[in-house]
Amino acid sequence: MRILLEASVALVNALTDGQAHGRRYIAPEGAQRVGAVRAALAAGTDLEVGEADRLADTARALRGVFEAAAADRLDDAAAALNALLRESGARPQLDRTPGEPWQVHFHGADDSYAVGWSAGCATGLAMALGGDHAGRLGVCAAPHCDRVYVDTSRNAGRQFCSTTCQNRVKAAAFRARRAGHDA
């Protein structure tokens with residue numbers, strides 16, 4: 001499940017427009033989108049533009065799930081996930097790579113690369129949401145950043161997508177306190 005949640009975060013953050021670390025973020029298109037998918041999924045496989053476009057559509061749907069869960073709109077998150085599960089035709093299957101143990105994978109209706117990852121990511125988020133981990137799905141609290149994350153901290157206190165955003169917020173608060181003190 002951890003791999004599917006990390007893949008979901010990586011796809012959303014790489015393939016959706018918004019703001020990242022205080023700057024406008026425009027998701028890549030065309031050949032750059034293919035490269036972004038390869039980087040997000042650590043995939044060395046041949047990937048067609050159409051497959052990358054399909055995963056970009058999935059990433060936009062997954063962003064809605066993260067946003068709904070972070071805003072405690074769990075009914076909306078569940079409805080979006082159920083739609084993605086139906087669309088991808090997610091089904092569990094045990095697979096094994098030679099020399100490795102059996103693993104549960106969630107294949108899609110046609111087992112293409114994009115549909116398989118869409119099915120897997122939707123299933124991973126559904127397991128988190130249905131397993132009482134919805135509070136672990138978040139959107140960065142830093143100003144001018146809307147990147148998503150899964151909180152794996154012990155105390156479930158994460159608020160930022162990265163230490164970059166956390167440091168940005170802390171530095172701004174320090175400057176504001178200092179400006180108020182100097183006035």
Of the non-hydrogen atoms in [X] and [Y], which two are nearest, and what is the gap between them?
X      : Y      : answer
Leu47  : Arg38  : N-NH2, 3.5 Å
Tyr149 : Cys140 : CE2-N, 3.8 Å
Ala69  : Ala77  : N-CB, 4.1 Å
His105 : Gln103 : NE2-OE1, 3.3 Å
Phe160 : Val169 : CE2-CG2, 3.6 Å
Leu81  : Ala122 : CD2-O, 3.6 Å

Report the distance from atom [atom1] of [X] to atom [atom2] of [Y], rounding to the nearest 0.5 Å.
X      : Y      : atom1 : atom2 : result
Leu11  : Leu41  : CG    : CG    : 4.5 Å
Gln93  : Trp102 : CD    : CH2   : 9.0 Å
Asp146 : Cys165 : CG    : SG    : 10.0 Å
Cys121 : Glu6   : SG    : CD    : 11.0 Å
Leu62  : Thr16  : CG    : OG1   : 9.5 Å
Arg168 : Thr164 : CZ    : OG1   : 8.5 Å

pair [X]-[Y]: side-chain heavy atoms closer than 4.5 Å:
X      : Y      : result
Asp46  : Tyr113 : no
Trp117 : Thr58  : no
His133 : Leu5   : no

| task | Check step by step if side chain to side chain contact (heavy atoms under 4.5 Å, CB included) holds for Asp95 and His107. | result | CA-CA 10 Å; Asp95 292 321; His107 294 270; 2.5 Å; yes
Does any N or O in the side chain of [X] come within less than 3.5 Å of the main-chain N or O of [Y], such that one atom is a donor and the other an acceptor?
X      : Y      : answer
Glu51  : Ala114 : yes
Arg136 : Ser153 : yes
Arg158 : Cys161 : yes
Arg91  : Ala119 : no
Asp17  : Ala27  : yes
Asp151 : Gln159 : no

Following the transitive rule for hydrophobic clusters with a side-chain heavy-atom cut-off under 4.5 Å over Ile, Leu, Val, Met, Phe, Trp and Tyr, establish whether [X] and [Y] coincide in one cluster.
X      : Y      : value
Ile26  : Val49  : no
Leu129 : Leu84  : yes
Val104 : Val115 : no
Val9   : Tyr25  : no
Leu125 : Leu15  : yes

Around atom CG of Asp132, are there more than 12 heavy atoms from other residues, nucleotides or ligands closer than 6.0 Å?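 Check fails, neighbour count at 12 or below.
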Is it the case that more than 12 heavy atoms not belonging to His144 sit under 6.0 Å from its NE2 atom?
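No, the 6.0 Å shell around NE2 holds no more than 12 heavy atoms from other groups.
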- Item | Given Arg60, Glu67, Arg147, Arg63, the one that forms side-chain contact (heavy atoms from CB on, under 4.5 Å) with Val12 |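 Going through Arg60, Glu67, Arg147, Arg63 one by one, the side-chain contact (heavy atoms from CB on, under 4.5 Å) with Val12 is satisfied by Arg63 alone.
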Item checked: Ion pair check, Asp57 and Arg54, cut-off under 4.0 Å ->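 Salt bridge flag = no for Arg54 with Asp57.
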Exercise. Please determine, by modelled atom types, if Ser88 and Ser118 share a side-chain donor-acceptor pair under 3.5 angstrom.
Key: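 Their side chains do not contain a donor-acceptor pair, so the 3.5 Å distance test is not met.
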